[in-house]
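Here the structure is a predicted model, which means the values were calculated and not measured. Counting starts at 1 for both ligands and their atoms, in listed order.
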Amino acid sequence: MRKKRRHRRHLSWKQRQIRIYTCFIVVAGAACILMAAGAKKSNLSERLSRLTHKNIVNKAVEPMEQNISHMPTGTLITNYRYQEFGASDPNEIDVKAPMIALTFDDGPNPDSTKRILKVLSENYSHATFFVVGTNAAKYPETLQEIAASGCEIGNHTNNHKNLTKITDAEISEQIDSVNRSVKKATGEQTTVIRPPYGAFDDHVLGMLSEPVVLWDLDTEDWSSRNAAEIVEHVMDNVKDGDIVLMHDIYDSTAEAVEIMVPKLKERGFLVMSVSEMAKYKGKTLELNKAYGKISVEEE
Ligand code: ZN
């Protein structure tokens, strides 16, 4: 006992400081555990709704394993899971969350496509880029960046031809030349086709070797060239399963996407490519079919 006391008296100021800090950490840790236990008992979704998205990501609150099936879709928990795990791992995607596929036609463009890829990647999101052959041949590095980001590359014909107004041989060449450029740049072929102007008929559909993807939310970004208008139109009309039409050749569209993607995620939407959205909704995109949206109730 005496020995102990003497020892205590001989502690240097530095050692005492360390002890004080250690005590503080232990007490703070215990308080945290108690608070966490209390919070667990309270209504989880109510508690989450008081937190901002930033709170959840930064403070790493971990409610994922608890009662996930009872969470209403579109809550912040979706954002958390998505932020944490990214879109590339289907096992970690909350398939009950609302989804949206962003699609971009007429690129790639080394400036605006790159801006769009950056904001998608910062938000663990993906999109589908329907490229035209003329730009695909000119900007192979941008194609590579699209592929490397986990986004999907679709076929929008070589030089934006109306497929219902050309011969069979021309249709084949319009599609094949895009695939040659995409394959040369990325090693892969395109996975989906969007005919320019959305123009196709049964004959064209029968000739195409990939599923046709149209859209159901048209931003008319080519006409307004106004980022705020594009964002407003999407945010006012978006619903689960929508395929949004935009063009990655305008600065105004890139600016709109920079604003829109974080807003969509705040609302609980998973932002993804068309093929990903089909996969997560348990749909197979079939040949000889055209898809304007991906909805479970559709069939
Ligand atoms: Zn187009």
Side-chain angles (χ1 to χ4, degrees), residues 100-117 120 126-140 142-143 145-147 151-166 170-182 185-186 189-201 203-205 207-227 229-230 233-234 237 242-257 260 273-275 277 285 289-294:
I100 180 177
L102 298 184
T103 66
F104 299 95
D105 292 5
D106 301 357
N109 175 286
D111 300 319
S112 39
T113 307
K114 211 171 264 190
R115 279 176 69 183
I116 292 167
L117 287 174
L120 288 172
H126 292 149
T128 302
F129 292 84
F130 289 96
V131 302
V132 289
T134 45
N135 283 335
K138 232 188 283 179
Y139 305 117
T142 313
L143 283 179
E145 283 176 42
I146 296 174
C151 287
E152 180 174 37
I153 301 178
N155 195 320
H156 198 47
T157 76
N158 186 49
N159 50 355
H160 216 267
K161 279 278 158 41
N162 182 332
L163 297 179
T164 64
K165 299 199 167 153
I166 54 177
E170 286 169 327
I171 293 175
S172 298
E173 182 51 23
Q174 282 291 324
I175 300 298
D176 293 349
S177 60
V178 175
N179 267 328
R180 281 196 296 273
S181 298
V182 172
T186 69
Q189 294 218 334
T190 60
T191 40
V192 279
I193 293 175
R194 173 170 286 159
Y197 318 104
F200 69 98
D201 52 26
H203 177 71
V204 170
L205 208 53
M207 279 196 66
L208 300 177
S209 52
E210 292 157 20
V212 166
V213 171
L214 303 171
W215 59 89
D216 71 335
L217 209 169
D218 187 352
T219 60
E220 299 196 0
D221 60 339
W222 57 271
S223 159
S224 76
R225 308 282 183 97
N226 180 314
E229 264 181 46
I230 298 165
H233 185 68
V234 171
N237 294 285
D242 275 348
I243 298 173
V244 183
L245 171 61
M246 287 181 278
H247 299 81
D248 56 328
I249 49 172
Y250 306 117
D251 285 342
S252 47
T253 298
E255 190 188 340
V257 176
M260 182 195 301
S273 69
V274 177
S275 291
M277 184 160 81
L285 295 178
K289 278 198 177 177
Y291 298 85
K293 60 180 175 179
I294 309 289

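Of the possible donor and acceptor atoms, none in the side chain of Asp242 sits under 3.5 Å from a partner among the backbone N and O of Val244.
Partners of Arg225 under the side chain to side chain donor-acceptor pair (under 3.5 Å) rule, at least two apart in sequence or in another chain, do not exist in this structure. Listed by chain and number, the residues in a ring-ring contact (aromatic ring centres under 6.0 Å, His included) with His160 are His156, Tyr197 (sequence neighbours excluded). Listed by chain and number, the residues in a side chain to side chain donor-acceptor pair (under 3.5 Å) with Glu255 amount to none (sequence neighbours excluded).
Within the 4.5 Å cutoff, the side chain of Phe129 has no heavy atoms near those of the Pro108 side chain.
Salt-bridge formation is detected for the pair Arg180/Glu173: a Lys NZ or Arg NE/NH1/NH2 atom is positioned less than 4.0 Å from an Asp or Glu carboxylate oxygen.
Below the 2.8 Å limit, the Zn ion (ligand 1) has as protein N, O or S neighbours Asp106 OD1, His156 NE2, His160 NE2.
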